[in-house]
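Here's the structure we're looking at; comments come further down.
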Number of protein chains: 2
Amino acid sequence: MESLIYVGLVEDHLLFRKGMKSILSTWPEIEVIFESGEGYTVLEKLHTSDRLPHVMLVDLSLPPNGQQEFGGKEVTVALRKHFPDIRIIILSAHEDENFIAQLIEHGAHGYLVKDCNPGEVRDAISSVYNNGSYINIRTLKAIQNNIGRKTKVRSTTLAGETLTKREEEILQLVCQQLTTEQIAEQLFISPRTVNGHRNSLLEKTGSHNVAGLVIYAIKNNIVSI
Amino acid sequence: MESLIYVGLVEDHLLFRKGMKSILSTWPEIEVIFESGEGYTVLEKLHTSDRLPHVMLVDLSLPPNGQQEFGGKEVTVALRKHFPDIRIIILSAHEDENFIAQLIEHGAHGYLVKDCNPGEVRDAISSVYNNGSYINIRTLKAIQNNIGRKTKVRSTTLAGETLTKREEEILQLVCQQLTTEQIAEQLFISPRTVNGHRNSLLEKTGSHNVAGLVIYAIKNNIVSI
DNA sequence: TAAAAAACAGGTAGAAATACCTGTTTTTAT
DNA sequence: ATAAAAACAGGTATTTCTACCTGTTTTTTA
């Protein structure tokens, strides 16, 4: 608990980065051992580093690497893949509700808005280091309102089967209250074909009627409501 | 940040409560100033208390008051109403996914499983006291999977109309994939009547079929998925 | 390049839902 | 106490869906 926590900072604005480092240095249990001004060099820097940070504070909006976007999200994904032990706190200027959800799902362990007070940062680092995650209450509300069915996960059925592209397509149209005939028109196929797909959908999802299909579609992020 | 945090404990198992108090006493910034072994006496105890806790650790499963259930959920609701400044951390033996979502929406600020390590408790108290919330990563996952459309908002229709109780009831059953006949059986009414309600539902919600009804029901929290 | 999966399309039945109509009884609110 | 709303129940007709069956062609994967 009271052991030294190694912290890394990935933040393109120097002043902010140094300011953060200064703040963090006031806490004896925290030591900043890594800094980077851009996301795309983080991995190689870590590879040549003798000490790895326990917790990495990563700015959400980092400069791209040429054409390639490389912000907090990309850093998160890369870190999770190559340095799964490093815990990640995203720093953002504001709460982008949709994004937070994605970040958490990509493996970020915490999320801080930049106007939080220093105590929060300490709490966040400590929490993330010791246990798992840190989310402030407003952010949590944002997640409550927005998460759940944003990131498209492959939809698996009861039997572990997977819906085909066409089946998902038709399921989406079913959810839009279209009839078999309307779906057929829209997809330029025979109503019989649509019918076949509908039956497969009922079978695969274990549903008895459209109510079941719609709920399945929502639960499995095939449609967003 | 370093000011003394007054903590209250609501936990029916004495040993666990005292153990927790002992652990908390090792942190100089935390002082336990309130204890209760049951939920239903918390309010009056607080009213006669000279100092109010900043953070209350509340066990999820507390003994009922006679017939009346009075667990962590009820305590949370009561505290939020009468002592809105007190921040609440729920302690639970395990992660009941559905319940966590409800608790957070009822106003709890944090959630701890009882097998967490002491450092987590300190972090949780500090976080909750200083900022807002504390949720561990597993719990967060649970929330991601279960929250979203739990809080029941009065369902308003396109025309601003309101669904009647019976209509909502039938809508819920429709969402459970029951047929008109099955719904009639379940409610001990004629299929004709169910039919009438279904038609009203379609009319009021501006839907063409069950797909529309289900989506309406989910959007308006008439059913939870 | 075979084999498997997906997409396609047709037939037939029956079940269920939708879209209208009518009316009575019960509950709620003014 | 009266009016309005809700819940109840029936008729009729049509549309749509569900549940089976069959098969071919195209695409994907091993």
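Proteins come first, then strands; the chains are lettered A, B, ... in the order of their sequence lines, and each starts at number 1.
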**Item:** B:D123 versus B:S127, side-chain donor and acceptor atoms under 3.5 Å
**Value:**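 Side chains of B:S127 and B:D123: no pair found under 3.5 Å.
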
Measure from [atom1] on [X] to [atom2] on [N] and round the result to the nearest Å.
X: B:E203; N: C:dA17; atom1: CD; atom2: P; answer: 19 Å
X: B:L202; N: C:dA17; atom1: CG; atom2: C1'; answer: 9 Å
X: B:K165; N: D:dC8; atom1: NZ; atom2: C1'; answer: 18 Å
X: B:R198; N: D:dA7; atom1: CZ; atom2: C1'; answer: 17 Å
X: A:N199; N: C:dC8; atom1: CG; atom2: P; answer: 15 Å
X: B:E167; N: C:dT27; atom1: CD; atom2: P; answer: 17 Å
X: B:L201; N: C:dA17; atom1: CG; atom2: C1'; answer: 13 Å
X: B:L178; N: C:dA15; atom1: CG; atom2: P; answer: 18 Å

Salt bridge (Lys or Arg N to Asp or Glu O under 4.0 Å) with [X]: which residues, sequence neighbours excluded?
X: A:E38; answer: A:K45
X: A:E181; answer: none
X: B:E167; answer: B:K204

**Item:** Pairing of B:R166 and B:E169 as salt bridge, 4.0 angstrom limit
**Value:**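 Yes, this pair counts.
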
**Asked** For DNA chain C, which residues in residues 181-196 of chain A have a heavy atom at a distance below 4.0 Å?
**Response**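 Listed by number, they are A:I189, A:S190, A:R192, A:T193.
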
**Prompt:** Between atom OG of A:S36 and atom CG of A:L43, what is the distance when rounded to the nearest 0.5 Å?
**Reply:**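 Result: 10.0 Å between the selected atoms.
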
**Residue mapping more 5' on DNA chain D - nearest nucleotide basis, B:I170 or B:N209** =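 Mapping each residue to its closest nucleotide by heavy atoms, the 5'-most match is B:I170.
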
**Prompt:** Which pairs count as ring pair (Phe, Tyr, Trp, His ring centres under 6.0 Å) when at least one residue sits in residues 71-91 of chain A, sequence neighbours excluded?
**Reply:**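 Qualifying pairs: A:H47-A:F83.
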
**Prompt:** What's the closest nucleotide to the A:T164 side chain, out of C:dA6, D:dC8, D:dT16?
**Reply:**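 Selected nucleotide (nearest to the side chain): C:dA6.
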
**Nucleotide nearest B:V210 when distance is taken to its side chain, options C:dT18, D:dC8, C:dA7** =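 In terms of side-chain proximity for B:V210, the closest of C:dT18, D:dC8, C:dA7 is C:dT18.
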
**Validation row: B:N209, B:L213 side chains within 4.5 angstrom (heavy atoms)** =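 No - every pair of side-chain heavy atoms lies 4.5 Å or more apart.
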
**Request:** Taking the side chain as every heavy atom from C-beta outward, state whether A:M56 and A:V10 have any pair of such atoms under 4.5 Å apart.
**Result:**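 With C-beta onward as the side chain, the pair touches.
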
All N/O donor-acceptor pairs, side-chain side in residues 183-199 of chain A, below 3.5 Å, sequence neighbours left out:
unit_1: A:S190; atom_1: OG; unit_2: A:R192; atom_2: N; d: 2.9
unit_1: A:R198; atom_1: NH1; unit_2: A:T180; atom_2: OG1; d: 3.1
unit_1: A:N199; atom_1: ND2; unit_2: A:N195; atom_2: O; d: 3.3

**Request:** Compute the angle between the rotation axes at the two ends of the helix from C:dT1-D:dA30 to C:dA29-D:dT2, each taken over five pairs, rounded to 10 degrees.
**Result:**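 Answer rounded to 10°: the end axes differ by 80°.
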
**Request:** Would you tell me if any nitrogen or oxygen in the side chain of B:H208 comes within less than 4.0 Å of OP1 or OP2 on C:dT18?
**Result:**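 Checking B:H208 against C:dT18: no side-chain N or O falls below 4.0 Å of OP1 or OP2.
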
**Message:** Under the rule for ring pair (Phe, Tyr, Trp, His ring centres under 6.0 Å), what residues qualify as partners of B:Y6, not counting sequence neighbours?
**Reply:**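 Per chain and number, B:Y6 pairs via ring pair (Phe, Tyr, Trp, His ring centres under 6.0 Å) with B:H54.
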
**Prompt:** side-chain hydrogen bond (donor to acceptor under 3.5 Å, both in side chains) with A:Q177: which residues, sequence neighbours excluded?
**Reply:**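 With sequence neighbours excluded, A:Q177 shows a side-chain hydrogen bond (donor to acceptor under 3.5 Å, both in side chains) to no residue whatsoever.
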
Between the protein and nucleotides 24-26 of chain D, which nitrogen or oxygen pairs are less than 3.5 angstrom apart?
none

